[in-house]
Amino acid sequence: LVRAGPQGPTSHLGRTSCFAHAPASALGDLDRVIEARERERPEGSYTTKLFSEGVRKVAQKVGEEGVETALAAVAEDDAALIGEAADLAYHLLVLLRARGLGLADLENALRDRGG
């Protein structure tokens, strides 16, 4: 018996499944978009701008978004918290990609913790 974790899409369609109604991962989709932005560097893209500013700037954005998320958790409504958490997740995925990592690496680390 082998337990394997995919390192990206497992379907010829570039998704987690060939079946249209299978559950998808919004984080996985976002990670693939970020990966493409890093590779293609389209002009005018905020993600391209972040990559061009380097790891330090992206790490700073993760810190800012982390603080905003924590503040929203104690001082704002659920919609604001979810919005800030989404911003944090996006910037974290950009940071991982800027270091040559991705969502699969994060998922593997969490899986290794047994959680």
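Quick caveat, the model's predicted, so the values are computed rather than measured.
For the ring pair (Phe, Tyr, Trp, His ring centres under 6.0 Å) condition, the pairs that include at least one residue of residues 49-108, sequence neighbours left out, are Tyr46-His91. Within the structure, the salt bridge (Lys or Arg N to Asp or Glu O under 4.0 Å) test picks out the following pairs touching residues 87-99 (sequence neighbours left out): Asp31-Arg97, Glu35-Arg97.
The line from CD1 of Ile34 to CZ of Arg39 is 12.5 Å long, rounded to the nearest 0.5 Å. Rounding to the nearest 0.5 Å places CG of Leu103 at 6.0 Å from OG of Ser25.
Not counting sequence neighbours, Lys57 has no partner by the salt bridge (Lys or Arg N to Asp or Glu O under 4.0 Å) test. Thr48 meets the side chain to side chain contact (heavy atoms under 4.5 Å, CB included) test with Arg41, Pro42, Ser45; sequence neighbours excluded. Taking the side chain to side chain contact (heavy atoms under 4.5 Å, CB included) definition, one finds that Ile82 meets it with nothing, sequence neighbours left out. Scored by the side chain to side chain contact (heavy atoms under 4.5 Å, CB included) test, Ala89 finds Leu27 as partners (sequence neighbours excluded). Evaluation of the side-chain hydrogen bond (donor to acceptor under 3.5 Å, both in side chains) rule for Asp105 yields no partner, not counting sequence neighbours. Applying the side chain to side chain contact (heavy atoms under 4.5 Å, CB included) test to Leu88 and every residue at least two apart in sequence or in another chain returns Val62, Glu65, Thr69. Taking the salt bridge (Lys or Arg N to Asp or Glu O under 4.0 Å) definition, one finds that Glu53 meets it with Lys49, sequence neighbours left out.
In terms of heavy-atom proximity, Val94 sits nearest to Val58 at CG1-CG1, 3.8 Å.
Leu71 shares a hydrophobic cluster with Val67; the chain of contacts runs through ILVMFWY side chains whose heavy atoms sit under 4.5 Å apart.
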Can you give me every donor-acceptor pair (side chain of residues 74-81, partner residue at least two apart or in another chain, under 3.5 Å) with its distance?
| residue | atom | partner | partner atom | Å |
| --- | --- | --- | --- | --- |
| Asp77 | OD1 | Ala79 | N | 3.4 |
| Asp77 | OD1 | Ala80 | N | 2.9 |

Inset, instruction - Take Leu106 and Leu101, measure what side-chain contact (heavy atoms from CB on, under 4.5 Å) needs, and give me the verdict at the end. - result: CA-CA 8 Å; Leu106 178 59; Leu101 303 166; over 6 Å; no
